[in-house]
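In what follows, a single structure is set out as structure tokens and then discussed.
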Amino acid sequence: MRFLLEALAAVSALSATVAAGGASSSGNFSYNRHEFLLDGSPYQIIGGQMDPQRVPPEFWTHRLKMARAMGLNTIFSYLYWNMHEPSPGEWDFQGRNDVAKFFRLAQDEGLKVVLRPGPYICGERDWGGFPAWLSQVPGMAVRQNNGPFLDATKAYIDRLGEELGELQITQGGPILMTQLENEYGSFGKDKEYLAALAAILRDNFDVFLYTNDGGGQSYLEGGQLHGVLAVIDGDSKTGFAARDKYVTDPTSLGPQLNGEYYITWIDQWGSDYPHQQISGSQASIDKAVEDLDWTLAGNYSFSIYMFHGGTNFGFENGGIRDDGPLAAVTTSYDYGAPLDESGRPTDVYFKLREMISKYVPKGSIPDVPSLPQRATIPEFDLKPVVGMFGLQQTPTQEAKDPISMDALGQAYGYVLYEHIVTKDVSGNVTIGDGARDRAMIYVNGVRVGVVDTIYKTPATVKVALKKGDSFQILVENLGRVDVRQRLREQVKGIVGSVAVGCHVLKKWSMYSLPLATLPSNLSAQDQEYKVKANDSPVFYTGSFSLPVGTSSDLSGDTFITVPKGVKGVLWVNGVNMGRYWTVGPQQSLYVPGSVLREQNEVVLLELEPQPGTNISAQGISERQWFNNPDPDAP
Ligand SMILES: *[C@@H]1O[C@H](CO)[C@@H](O)[C@H](O)[C@H]1NC(C)=O
Ligand SMILES: *[C@@H]1O[C@H](CO)[C@@H](O)[C@H](O)[C@H]1NC(C)=O
Ligand SMILES: *[C@@H]1O[C@H](CO)[C@@H](O)[C@H](O)[C@H]1NC(C)=O
Ligand SMILES: *[C@@H]1O[C@H](CO)[C@@H](O)[C@H](O)[C@H]1NC(C)=O
Ligand SMILES: *[C@@H]1O[C@H](CO)[C@@H](O)[C@H](O)[C@H]1NC(C)=O
């Protein structure tokens, strides 16, 4: 039996070698104290970050060509565990998750790849890329030398090894090196954990490992591991000096790489948060060009974070939180990057291209491909068809106290909690240990208030309930915080009991509304739904044709706006394009041409529908970022 298995293994190893050998021959990436070496020759990494899972796969080749045309030679990519393993042992490497395909395409474009697989990646993703189900595993403690965590991590990394092993440079692929953890020094200093994780990675990948930490003493000391190259992020000048000062283990010293040079920063929802960009600001662009020019002139390496940010489609965005309110990251992850969310080059792109061209052989940077204009879609009506609360007649679960979203087995979206009042009671509403994250409160289907963790001062909602009333709380998960690691803080929905005044309400029905797929009977509704004052959320439907002269490619790219929408979610042809919110700064959703057809079905979930107002949408070719007052701010 054993012999047979070994023989089979030998055969499959042989065929893997042949397949890889057919594509290109194996290479060797290494480093000495001052230089990276590709097949023995100095290799300066002129890198930029682009995560395949934030970009429509139909446009991967285009985005990679744009990277080459700016002069980049290497793409840095985070992988999102929560998309690869949506429930334990259920793997997804299709569509946006077909990361092996993305790396092959990168290689076809002459780009090398730096793999940043996590398991923890931060990246302003929901829980830094961790699957939400981790919080429900008994004994789990993430980013620690913890059995359940390392077991789950090993299953994930082993699966990545199967997908990506043959794409390493040692096997003829583009992958140069693999990151160990991510800014671990900002979180802890447990070297046993780092060593255990390094062993799991080394079982699957033979390219060398590196750590990536902020350029300060505690970050570098906490994140460094014996035998693993230490790399910084943030400011290159101070970071490089800090690396050589605080990393004293010679086995972690080598060439200087700024693993994340921040071109700008993320956008968060809120009336007070303008869009982050340096585009249009000459002084800021000059500063970025100067920083990166200095890095290349010193023979150092960098990766621009982000070269191309892309989109947090659906409910994929994360949040950021220290001790104050939650910062909910927008659907757009434009990031003010050189290549904008729709894959178009900005003024920053051209300035960086010009600077990089000084450091590479003349003529080695391809021309910038010309791109079609984005499409304009004339205004079209959306008609209210069905109330969200009427969709699901039977509760997912019933219990004395509310059950959290996560304990219901749900990762994203909404949970509706309902209590039928058994005796008259009035007072302020207390929702568990706080809203997680946005709680909309209804009495007999009429909205009476909103409590949201994004507000600096939490709202107080007072109710007077009568026996027999339906008291409902719709809770929206606005995105798990990317750097908080305590499991309890990552649980969404309601955690704890709900009280009115000092009276704790018992007996709740929970309705799971993940909206992972659209309700099937939406367009079958021939009756128009009559929106009432302060109504519960309503689905609207509408349609539009592919604009003349465009097709399902870059020429169909558009930004859809819903000018009268307050807050909600937009689907085009059944694909969740993400959240919209009047507060801004994002006022339009990037809809890639790749999701469009001749005739396009649009569904909108408006959380705060207004009676007597038609909702319409339109596609604009030039997006605007701005803020509006928040109609729900306390
Ligand atoms: C890779 O290159 C390094 C430095 O040039 C050399 O020491 C090492 O032996 C090479 N490894 C392989 C497998 O060729
Ligand atoms: C960078 O490398 C080149 C070629 O090896 C060398 O001539 C130059 O002096 C180096 N510059 C610095 C700042 O080390
Ligand atoms: C829509 O379908 C769901 C089941 O998919 C059903 O529970 C619900 O009653 C239907 N709603 C309407 C308004 O027909
Ligand atoms: C209810 O909330 C209001 C507004 O925050 C506050 O002024 C009032 O004291 C609260 N009532 C009680 C009984 O806590
Ligand atoms: C809403 O749209 C319908 C159909 O397009 C139209 O007949 C009606 O006048 C509009 N109502 C308002 C308030 O704009």
Side-chain angles (χ1 to χ4, degrees), residues 28-47 71-74 112 176 215 229 231-232 235-245 253-258 261 289-303 324-326 355-365 419 421 423-443 447-466 469 471 473 494 496-505 534 630-634:
N28 178 0
F29 192 63
S30 60
Y31 59 88
N32 59 33
R33 179 63 180 83
H34 297 288
E35 290 164 316
F36 291 106
L37 299 168
L38 181 61
D39 297 326
S41 304
Y43 184 82
Q44 192 166 22
I45 298 173
I46 307 176
L72 301 186
N73 60 17
T74 308
K112 301 293 184 208
L176 299 178
L229 176 67
V231 161
I232 61 101
D235 179 68
S236 303
K237 286 180 200 174
T238 55
F240 292 163
R243 203 279 310 255
D244 283 353
K245 181 166 177 199
L253 293 174
Q256 294 281 11
L257 162 65
N258 185 343
Y261 174 80
V289 171
E290 196 185 298
D291 285 350
L292 294 171
D293 196 348
W294 177 87
T295 310
L296 292 184
N299 290 342
Y300 307 127
S301 291
F302 65 70
S303 173
L326 172 75
M355 182 278 291
I356 292 168
S357 68
K358 294 192 297 181
Y359 295 94
V360 297
K362 209 169 159 47
S364 68
I365 302 183
H419 167 81
V421 179
K423 69 168 198 191
D424 295 5
V425 54
S426 66
N428 291 347
V429 180
T430 314
I431 303 171
D433 59 0
R436 297 177 176 227
D437 301 294
R438 182 179 179 84
M440 306 183 71
I441 301 171
Y442 302 85
V443 178
R447 190 177 71 246
V448 296
V450 177
V451 178
D452 194 323
T453 43
I454 73 160
Y455 301 131
K456 290 184 188 89
T457 30
T460 314
V461 176
K462 188 173 183 197
V463 293
L465 303 176
K466 297 261 172 292
D469 280 351
F471 181 58
I473 305 175
I494 297 178
S497 53
V498 173
V500 168
C502 39
H503 184 79
V504 174
L505 304 179
N534 298 314
D630 186 341
D632 300 302

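Counting convention: from 1, in listed order, for ligands and their atoms alike.
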Salt bridge (Lys or Arg N to Asp or Glu O under 4.0 Å) pairs touching residues 291-302, sequence neighbours excluded, are K287-D291, D293-K358
Tell me if a side-chain donor or acceptor on R436 pairs with a main-chain N or O of I494 at a distance below 3.5 Å.
no
Y43 meets the ring-ring contact (aromatic ring centres under 6.0 Å, His included) criterion, sequence neighbours left out, with F29
Using heavy atoms and a strict 4.0 Å limit, residues surrounding ligand 2 turn out to be A297, N299
*Do S236 and N258 get their side chains close enough for a donor-acceptor pair, meaning under 3.5 Å?*
yes
Check your understanding: What class does the angle between the rings of F36 and Y31 fall in, given that below 30° is parallel, 30 to 60° is tilted and above 60° is perpendicular?
Key -> perpendicular
By ring-ring contact (aromatic ring centres under 6.0 Å, His included), F471 pairs with (sequence neighbours left out) none
